[in-house]
S.K.: 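Before we start, here is the structure in question, set down as structure tokens.
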2 protein chains.
Amino acid sequence: MFRYGVGMARTQGSHSDITGPRIRKAALGLFARHGYAAVSMRQIAGEVGVQAGALYNYTPDKQSLLYRLMQDHMQDLLTAYDDLTRFDDPQDALRQFVGFHIRFHLQRPDEVFIAYMELRNLTPENFAEIETLRRRYEDSLEGILQLGHETGQFAVTDTKIATLAVIAMLNGVITWYRSGGRLSLDEVEQVYWGMVRKAVAA
Amino acid sequence: MFRYGVGMARTQGSHSDITGPRIRKAALGLFARHGYAAVSMRQIAGEVGVQAGALYNYTPDKQSLLYRLMQDHMQDLLTAYDDLTRFDDPQDALRQFVGFHIRFHLQRPDEVFIAYMELRNLTPENFAEIETLRRRYEDSLEGILQLGHETGQFAVTDTKIATLAVIAMLNGVITWYRSGGRLSLDEVEQVYWGMVRKAVAA
DNA sequence: ACCGTATCTGAACATTTGTTCAGATAGAAG
DNA sequence: CTTCTATCTGAACAAATGTTCAGATACGGT
């Protein structure tokens, strides 16, 4: 027997305020684990418990879904960093940056992974947007190094390279850190701060 | 008019010693630029000037092609490093490591990119193989830091973390360095060596 | 109770995917 | 020249891809 239209419609409890975030969360995890190109819209839909077509109520296409994730992440990062009350002393400001960076990024391993690994899957326009945001964040670190260089507290021959080197080093932490592991967050922060401090020290 | 069999066979000058490397080189470049999952066998074949079916004379499948590229790279790396005559003094050994790492990796940006970004596209067995090789390389750096720690020349509270931090910092160089840019290879090496030296200094 | 709309299904679409293989030609060896 | 084999073509395959859409159901307001 065929009951016409059974299950072919809006489902119980469905609401865009619920489904939207769930889709982005599922996409986030899958993109981080398998990579953007290796994940299909049907996989994402499956994780949400919905058909693939339903995703297009929440994103115009797959590419925009990726872009949205990156954009949200970068904006969260900038907002959180802007909310800090800064220190005037370069040394204090640098320590604050290191601590903030490590803690913020360790709380969002998937976002960080995607924002770094999937840049090449963005359209040129979307890529430019994300790069602008990233640049703004890196510039704030460079500003600290620059100031410390001028006051003679830091010995960095090239602040641009030093900035990238410090960030690369800090980002490395997310490749190995697992909460509940050998070291606590405080210990990790202290170890990295020790290395950064000495690396730029005069 | 249909001439039976025109162009449907072995092509002039075709030789496995030529085509094999060309396939790997094309795959290397495409994987690095667009990512393993986003590159099709037909794209690779097209770059070589051959039909997709011909690739299967040189690799059992796409996955093995990726694995081969990573394996070759890691083995080149280990062989090149093993060929160095080592220094006894930890400071000298560390400087040698920094210089070697930067120069070796800057000469092979595509290989490095792939070896780092496409690990998740390997089968578990292939992944384990590559990880073993990578571990062997990292262990040699940790050995240097460990020795320097024992002699009191280095102040690294955690040699494991220090190893990963140093490598992450050095790897960062390939994300921005372009030959013919503002800095020469020697200058880049000096800048990074300065930061690494100070970062682990007692 | 009714109506408008938000939300989802199920099916369909044109492409593209990795892979296989019979057959055809070129090169190497005798 | 003949024979054997290495190398490639061209076509084919099933499966998977991103995306669209008519229609069906649930929700929210009146």
Side-chain angles (χ1 to χ4, degrees), chain A residues 1-27 30-31 34-69 118 121-123 126, chain B residues 1-27 30-31 34-69 118 121-123 126:
Chain A
M1 164 192 179
F2 177 68
R3 290 204 292 147
Y4 191 64
V6 162
M8 316 174 44
R10 181 171 188 174
T11 53
Q12 288 195 13
S14 61
H15 196 27
S16 67
D17 294 340
I18 306 280
T19 309
R22 284 188 60 199
I23 288 175
R24 284 188 288 277
K25 190 170 185 176
L30 288 171
F31 288 167
H34 309 294
Y36 170 78
V39 172
S40 72
M41 297 299 267
R42 284 173 178 82
Q43 286 180 56
I44 300 171
E47 192 129 314
V48 179
V50 94
Q51 294 298 316
L55 301 185
Y56 291 85
N57 288 329
Y58 301 93
T59 182
D61 46 43
K62 193 187 177 189
Q63 153 81 204
S64 302
L65 183 51
L66 175 64
Y67 175 61
R68 167 79 187 266
L69 293 175
E118 306 294 352
N121 288 307
L122 293 174
T123 62
N126 289 346
Chain B
M1 166 191 179
F2 178 68
R3 289 201 294 145
Y4 191 63
V6 162
M8 315 172 48
R10 180 170 189 175
T11 54
Q12 288 195 11
S14 61
H15 196 28
S16 66
D17 293 340
I18 307 280
T19 309
R22 285 188 58 197
I23 288 175
R24 285 187 287 278
K25 189 169 185 176
L30 289 171
F31 288 167
H34 309 293
Y36 170 78
V39 173
S40 71
M41 296 298 266
R42 284 174 179 81
Q43 287 180 56
I44 300 171
E47 192 130 315
V48 179
V50 96
Q51 295 297 318
L55 301 185
Y56 291 84
N57 289 328
Y58 301 93
T59 183
D61 46 43
K62 192 186 178 190
Q63 154 81 201
S64 303
L65 183 53
L66 174 64
Y67 175 60
R68 167 78 186 265
L69 293 175
E118 306 295 352
N121 288 308
L122 293 174
T123 61
N126 289 346

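Residue numbering restarts at 1 for every chain, and letters A, B, ... go by the order of the sequence lines. Any value given below was found using the heavy atoms of this structure, including those in side chains, with hydrogens, waters and symmetry copies removed.
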S.K.: Determine, stepwise, if the pair A/Leu65 / A/Leu55 fulfils side-chain contact (heavy atoms from CB on, under 4.5 Å).
M.R.: CA-CA 10 Å; A/Leu65 183 51; A/Leu55 301 185; 5.6 Å; no

S.K.: Please identify each residue that fulfils side-chain hydrogen bond (donor to acceptor under 3.5 Å, both in side chains) with A/Arg42, with sequence neighbours left out.
M.R.: none

S.K.: Can you list the residues that meet the side-chain hydrogen bond (donor to acceptor under 3.5 Å, both in side chains) rule with B/Arg68, with sequence neighbours excluded?
M.R.: B/Asp72

S.K.: To the nearest 0.5 Å, how far apart are CZ in A/Arg22 and CG in A/Asp17?
M.R.: 13.5 Å

S.K.: Measure from CZ on A/Arg22 to P on C/dT7 and round the result to the nearest Å.
M.R.: 14 Å

S.K.: Looking at residues at least two apart in the chain, or sitting in another chain, which of them share a side-chain contact (heavy atoms from CB on, under 4.5 Å) with A/Ala37?
M.R.: B/Ala37, B/Ala38

S.K.: Please give me every residue in residues 52-62 of chain B whose heavy atoms get under 4.0 Å of an atom in DNA chain D, ordered by residue number.
M.R.: B/Gly53, B/Ala54, B/Asn57, B/Tyr58

S.K.: List the residues meeting side-chain contact (heavy atoms from CB on, under 4.5 Å) with A/Ser16, not counting sequence neighbours, and say none if there are none.
M.R.: A/Tyr58

S.K.: Does a nitrogen or oxygen in the side chain of A/Thr19 sit under 4.0 Å from OP1 or OP2 of C/dC8?
M.R.: yes

S.K.: Using 0.5 Å steps for rounding, measure from the OG1 atom of A/Thr59 to the CG atom of A/Leu69.
M.R.: 9.0 Å

S.K.: How would you list, by chain and number, every residue that makes a side-chain contact (heavy atoms from CB on, under 4.5 Å) with B/Asn126, sequence neighbours excluded?
M.R.: B/Gln63, B/Tyr67, B/Leu122, B/Thr123

S.K.: By side-chain hydrogen bond (donor to acceptor under 3.5 Å, both in side chains), which residues pair with B/Ser64, not counting sequence neighbours?
M.R.: B/Asp61

S.K.: I need the residues from residues 36-46 of chain B with at least one non-hydrogen atom less than 4.0 Å from DNA chain C; give them sorted by number, or say none.
M.R.: B/Val39, B/Ser40, B/Met41, B/Arg42

S.K.: Got a list of protein N/O to nucleotides 27-30 of chain D N/O distances below 3.5 Å?
M.R.:
{"residue": "D/dC27", "atom": "OP1", "partner": "A/Gly13", "partner atom": "N", "Å": "2.8"}

S.K.: I need the CD-P distance between A/Gln51 and C/dA6, as an integer number of Å.
M.R.: 22 Å

S.K.: Quick one: side-chain hydrogen bond (donor to acceptor under 3.5 Å, both in side chains) partners of A/Ser14, sequence neighbours excluded?
M.R.: A/Arg10

